[in-house]
2 protein chains.
Amino acid sequence: MPFAVIMAGGKGERLWPLSRGNRPKQFARLFGKSLLAHTVERILPLVGSERVYVVTQKVYAPLILQELPFLSPENLLLEPVGKNTAPCIGFAALFLSHFFSPQEIMIVLPADHVILDTERFRDSLELAIEVAESGDWLVTFGIVPNRPHTGYGYIRCGELFLEDPRGQVYYGAGFTEKPSQREAEEYLRLGGYLWNSGMFVWSARTILEALKRWAPEIAEGLARIAEVLGTPKEVKVLEEIFASFPVLSIDYAVMEKASNILVVSGTFGWNDVGSWESFSDLLPKDASGNTSLGECVALESTGCIFWTKKPVIAFGIDNVVLVEEEDLLFLMPRERDQEVRLLLQYLRERGQEKYL
Amino acid sequence: MPFAVIMAGGKGERLWPLSRGNRPKQFARLFGKSLLAHTVERILPLVGSERVYVVTQKVYAPLILQELPFLSPENLLLEPVGKNTAPCIGFAALFLSHFFSPQEIMIVLPADHVILDTERFRDSLELAIEVAESGDWLVTFGIVPNRPHTGYGYIRCGELFLEDPRGQVYYGAGFTEKPSQREAEEYLRLGGYLWNSGMFVWSARTILEALKRWAPEIAEGLARIAEVLGTPKEVKVLEEIFASFPVLSIDYAVMEKASNILVVSGTFGWNDVGSWESFSDLLPKDASGNTSLGECVALESTGCIFWTKKPVIAFGIDNVVLVEEEDLLFLMPRERDQEVRLLLQYLRERGQEKYL
């Protein structure tokens with residue numbers, strides 16, 4: 001049976017103020033519970049709670065245990081500091097390899113994604129697990145695009161590796177950064193380009209070997225951590241090594257370089273909820289393209305995104321994002337949703353930390 | 001000692017949703033209490049509560065007595081239906097003339113205006129009362145403009161009638177409708193054009209005579225009401241006569257036609273709070289011209305009006321009105337603030353009365 005490694009240390013700043021400093025995006029509630037709880041509950045039937053490990057930072061530990069009451073505190077892997085996904089995944093792989101076995105399969109999932117079709121997702125996961133068990137593969141999920149999205153990276157599919165009732169598996173033939181509108185349209189027309197979901201299945205051994213080859217500075221740090229794992233020195237060495245790690249994504253560290261990559265194509269309604277724009281993909285739209293979490297009357301208004309508890313009456317308003325939180329209201333043009341970090345920086349500089 | 005006649009039967013639809021169907025603008029709270037309470041408390045030192053009469057419709061009577069706990073229910077003058085200010089004022093004048101004396105001076109005030117400088121206002125009122133007591137004058141207040149406002153009617157001043165430490169009194173030389181931007185700028189440049197405030201001081205006899213001359217259809221109705229005032233027939237006849245009255249403002253019925261008009265110039269921070277735009281005159285603005293009732297951080301945002309309890313964070317938003325009520329949020333471009341009635345009509349047609 002595989003392990004699940006849930007990456008829950010991110011900040012999700014672009015989704016402010018749904019994502020706040022003391023309650024990042026993975027704790028935001030959507031469809032009745034937090035994204036983290038959704039993520040874990042989706043895979044519980046496949047792995048059982050004792051095989052779920054959540055990688056996070058100390059400050060989020062209480063919130064995580066509150067959201068996942070069935071989780072033992074020992075199943076939290078605490079990073080001293082977040083350094084993006086490569087150190088996070090490497091540390092989890094090292095942990096599983098050390099305390100269980102290098103052969104263990106790990107399902108690596110960000111805590112803050114949305115998946116609409118749980119059944120299909122579990123089918124895809126099972127397929128990926130079987131493939132990862134069959135050999136030395138780095139298995140990733142590529143989402144079949146339904147529109148020319150410019151906010152995601154893409155995976156180019158190579159030859160078909162396996163055809164299965166649960167989905168297709170392709171050889172990975174390259175990763176590309178977020179494309180321009182024209183490129184994204186071309187990808188959609190050509191086919192064979194899937195959204196890079198950032199979800200993976202592999203054995204601890206396979207990813208550790210890949211790190212050794214493609215990101216030796218991380219592998220070396222992990223080797224030093226391995227020497228003290230489970231000893232009183234662990235905390236101090238972890239701190240030291242994590243401080244020395246570069247901020248590095250697993251895509252950049254490994255996936256863009258390795259050749260033993262397989263891609264499971266997914267059609268399970270995936271969304272990374274990366275920015276406010278995402279909600280217009282996730283929630284129903286009215287005839288004028290307005291997306292609203294709750295009640296809304298929009299007159300002569302188009303393309304708005306309303307994330308509010310209270311009903312919204314909009315009159316003559318176009319392409320605006322309006323967010324209502326307990327303690328504030330937030331208003332911005334939809335096209336600036338990638339610039340939210342700029343606003344947060346401004347708030348920080350003005351000493352308005354209470355809003356962060 | 002004069003009487004105060006407070007006109008509190010309006011709907012204030014353009015100020016929706018601060019003004020709601022069951023709680024029109026005069027009941028909206030601003031600076032700690034309702035506009036109605038502010039209006040009455042401003043003139044209490046001049047007249048005493050037993051000489052305050054509030055003209056309204058039955059449906060608003062409980063709210064009015066709640067807002068003005070010192071007011072006796074006998075001091076409510078109930079119109080069977082609102083027909084704008086001419087019938088309202090005529091009825092009040094008839095009442096005072098009948099139960100007190102035709103010589104009584106009445107101060108006529110809309111219940112839903114804002115006046116920032118109470119002391120100056122009382123000075124102007126005293127001056128107006130003295131002038132109204134001195135002869136057969138229709139005394140009105142003209143507000144000295146501080147900008148080329150296109151949302152107000154203007155009064156053109158004629159010769160100086162009286163110079164007083166409390167203000168100037170001019171002969172009225174004509175009323176004009178809301179001007180164009182260019183006309184308003186010209187008025188400001190020329191001087192001698194004052195905003196028509198809709199507040200008046202005169203004797204009951206003087207306004208009743210003016211109605212007789214310039215609006216005989218109203219005077220005739222009032223004469224029939226006079227026959228039954230204080231008798232069991234009053235309610236029925238009032239209903240009948242009010243139903244027959246045209247919808248008519250006192251400006252159109254009398255002020256634009258009469259020649260015995262005097263204008264007291266006022267500089268007491270008057271605002272009719274006629275639409276959302278008014279708040280940008282009433283409340284302080286930040287350096288980018290944003291007006292906010294409460295806390296607000298506006299980055300790369302200009303000319304917005306935020307009427308909310310919660311703090312507003314705006315990023316890259318221009319000239320938008322955002323209103324937060326207990327049960328809804330309202331968003332519109334500032335330049336459409338004269339069209340709110342259109343929106344209300346749309347809500348009505350869609351069966352969304354709960355929002356009205």
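The chains referred to below are lettered A, B, ... by the order of the sequence lines, with proteins before strands, and numbering in each begins at 1.
Contact annotation for residues 295-304 of chain B against chain A (heavy-atom separation below 4.5 Å, listed by residue number): B:Glu295, B:Val297, B:Ala298, B:Leu299, B:Glu300. Contact annotation for residues 271-284 of chain A against chain B (heavy-atom separation below 4.5 Å): no residues qualify. Residues of residues 306-339 of chain B that come within less than 4.5 angstrom of chain A, heavy atom to heavy atom, are B:Phe306, B:Thr308, B:Lys310, B:Pro311, B:Val312, B:Ile313, B:Ala314, B:Phe315, B:Gly316, B:Ile317, B:Val320, B:Leu322, B:Glu324, B:Glu325, B:Glu326, B:Asp327, B:Leu328, B:Leu329, B:Phe330, B:Leu331, B:Met332, B:Pro333, B:Arg336, B:Glu339 in numerical order. Among residues 21-37 of chain B, no residue has any heavy atom closer than 4.5 Å to a heavy atom of chain A.
Crowding of A:Tyr252 atom OH: a count of heavy atoms from other residues, nucleotides or ligands under 6.0 Å not exceeding 12. For A:Glu41, the CD atom sits in a packed shell: over 12 heavy atoms of surrounding residues, nucleotides or ligands are nearer than 6.0 Å. Other residues, nucleotides and ligands contribute more than 12 heavy atoms inside 6.0 Å of the CZ atom of A:Arg147. Counting non-hydrogen atoms of neighbouring residues, nucleotides and ligands closer than 6.0 angstrom, the CD atom of A:Glu186 exceeds 12 such neighbours.
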